[in-house]
Amino acid sequence: MKISFVVCHLGAYALAIDKLENLFEKFMEGSPVFLSREILRHDFIPDELPHREAEIIRFGAVLAPSLKGTRCSNLFIYGKSGTGKTAVAKYVLDRIARKGRTTSKKVRVCYVNCRKAGTEYRTLSSMCSAVGVKVPFTGLATAEVLSRFKRGLENTGSTFIAALDEIDALVRGYGDGIMYKLTRINEELRSSRLTIMGISNDLYFKDLLGARVRSSLSEEEMVFKPYTAEQIRDILSQRVQLAFRCGSLPEPSLNLVAALAAAEHGDARRALDLLRVSGEIAERGNASVVYEEHIREAQRKIEHDRVVEVLDTLPLHSKILLCALYVREGESKRGITTGDLYETYHGCCGKLGVDALTQRRVSGLLSELDMLGVANAKIANLGRYGRTKRIQVTAPRQTLSKIFAEDPRLTELAASPSVRD
DNA sequence: CGTCCACAGGAATGACGGGCGG
DNA sequence: CCGCCCGTCATTCCTGTGGACG
């Protein structure tokens with residue numbers, strides 16, 4: 001009995017392993033489309049960054065004094081997303097840190113994405129870990145973390161360059177308090193130096209800063225312009241040569257990707273994503289060449305995945321709100337108003353047996369959805385009939401209905417055509 | 001031309017869970 | 001273990017506002 005049981009199981013395993021074996025074999029043979037997928041990831045930094053040579057040189061010139069142990073100017077970089085700010089910053093930081101290792105003057109660098117870090121506290125704590133100071137992930141006063149950072153930095157005795165990416169997100173939420181403290185930190189350091197490199201997507205970010213912070217933070221300034229379709233094409237073609245098999249991405253397909261990306265404000269990151277996903281879709285369809293249909297399909301998939309990812313992390317009430325919006329949307333071409341939406345949302349909460357949040361809070365959640373690009377809310381003045389927002393869904397309806405269908409709590413709500421009052 | 005709608009969105013405040021130093 | 005401080009989420013109260021209506 002026992003033996004046959006085992007044999008039987010082994011048989012099942014053997015089968016599974018065979019299938020896996022096939023999969024691995026296929027994988028080892030290599031993809032019919034890609035040479036290396038890694039190269040298309042947007043966090044991959046190539047040896048050359050086309051159309052950013054001038055910026056790299058300028059960057060280097062500003063930061064070079066750090067190699068001699070002198071403080072260099074703080075640096076500020078603006079530019080929309082996908083204009084190569086992050087890539088250039090990381091590239092130069094990496095190069096300067098490597099150069100620093102060959103000299104007596106150590107240069108330490110650190111890169112923090114403030115939006116991902118989320119709070120002042122976590123931003124500072126990643127700066128701490130870059131100077132070898134461990135801090136608990138919560139519990140301390142922010143000022144305490146700052147002073148530990150200061151102490152840690154002083155102990156290293158080196159020049160420190162901190163790149164704070166998406167710094168606008170931080171200042172918007174917490175004010176320029178720590179920025180002020182960070183810019184003043186050099187006055188208290190004896191053996192070390194701190195240089196701050198701020199990176200922002202928002203061109204009007206400076207307005208958020210107080211005058212003192214503004215002037216010391218942007219001793220040097222740089223603006224990254226969006227890439228043109230031509231430039232995106234160059235960037236893509238450089239990566240295509242490294243990442244794709246010869247001939248698997250023909251000229252017209254490359255041009256289409258570049259054109260689609262250029263239409264999206266010259267965002268190179270999106271272009272690379274599109275390229276990679278197109279290749280994957282072609283590959284899955286057992287094609288060895290990427291054609292237009294694959295690219296169009298990829299565009300849909302990217303949008304779908306983005307929405308799924310965003311919604312996944314959303315709290316329950318945001319989902320209910322979106323669900324309510326989904327149900328009511330289309331009633332009027334120009335979108336429904338806040339009051340109507342709240343009413344529906346309230347009804348939905350009732351059906352679910354959940355306490356509804358206040359209108360104020362819902363308004364906040366709505367702006368969140370707007371910022372995430374799932375919904376769109378525009379202020380509309382109806383004169384006599386008050387001031388409100390016109391709200392529409394921007395995510396593909398198909399994607400939303402699929403997501404709602406997966407969540408048992410929301411299925412019923414989304415299915416019923418009218419959930420008024 | 002002033003009113004007044006129906007909200008927007010800022011500020012203050014509180015409840016809660018979690019880590020710290022003592 | 002306690003008191004303290006933190007970040008997060010939510011509520012309450014509030015002031016601000018563009019323009020159709022009377």
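Order of the sequence lines fixes the chain letters, A, B, ..., with proteins taken first and strands second; residue numbering starts at 1 for each chain. For clarity, every value in this text was computed on a predicted model and none was experimentally measured.
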Legend entry - Non-hydrogen atoms of A97(A) and V109(A) that approach each other most closely: CB-CG2, 4.1 Å
Inset, instruction - Of all the heavy-atom pairs spanning F59(A) and V88(A), show the shortest one and how long it is. - result: CD1-CG1, 3.5 Å
OP1 or OP2 of [N] less than 4.0 angstrom from a side-chain nitrogen or oxygen of [X], does that happen here?
| X | N | result |
| --- | --- | --- |
| R361(A) | dA10(C) | yes |
| K389(A) | dA6(B) | no |
| T337(A) | dA6(B) | no |
| T358(A) | dT11(C) | yes |

Could you tell me how far apart [X] ([atom1]) and [N] ([atom2]) are, to the nearest whole angstrom?
| X | N | atom1 | atom2 | answer |
| --- | --- | --- | --- | --- |
| L341(A) | dC7(B) | CG | P | 10 Å |
| I320(A) | dA10(C) | CD1 | P | 11 Å |
| K378(A) | dA6(B) | NZ | P | 22 Å |
| L321(A) | dA10(C) | CG | P | 12 Å |
| I379(A) | dC7(B) | CD1 | C1' | 10 Å |
| Y385(A) | dG19(C) | OH | P | 16 Å |
| Q359(A) | dC7(B) | CD | C1' | 7 Å |
| L357(A) | dA15(B) | CG | C1' | 15 Å |

Legend entry - salt_bridge(D305(A), K301(A)) N-O dist < 4.0 Å: yes
Inset, instruction - With the side chain counted from C-beta on, respond yes when T159(A) and K68(A) share a heavy-atom pair under 4.5 Å apart, and no when they do not. - result: no
Inset, instruction - State which of dG18(C), dA20(C), dC7(B) makes the closest approach to the side chain of N381(A). - result: dG18(C)
Inset, instruction - Output the single nucleotide from dG18(C), dA11(B), dG21(B) whose closest atom is nearest the side chain of R360(A). - result: dA11(B)
Inset, instruction - Would you kindly compare T388(A) and R384(A) by the position of their nearest DNA chain B nucleotide and give the one closer to the 5′ end? - result: R384(A)
Legend entry - Nearest-nucleotide comparison on DNA chain B, the residue closer to the 5′ end among I391(A) and G383(A): G383(A)
Inset, instruction - With R52(A) as the cation and Y227(A) as the aromatic partner, state whether NZ or CZ is under 6.0 Å from the six-membered ring centre and within 45° of the axis. - result: yes
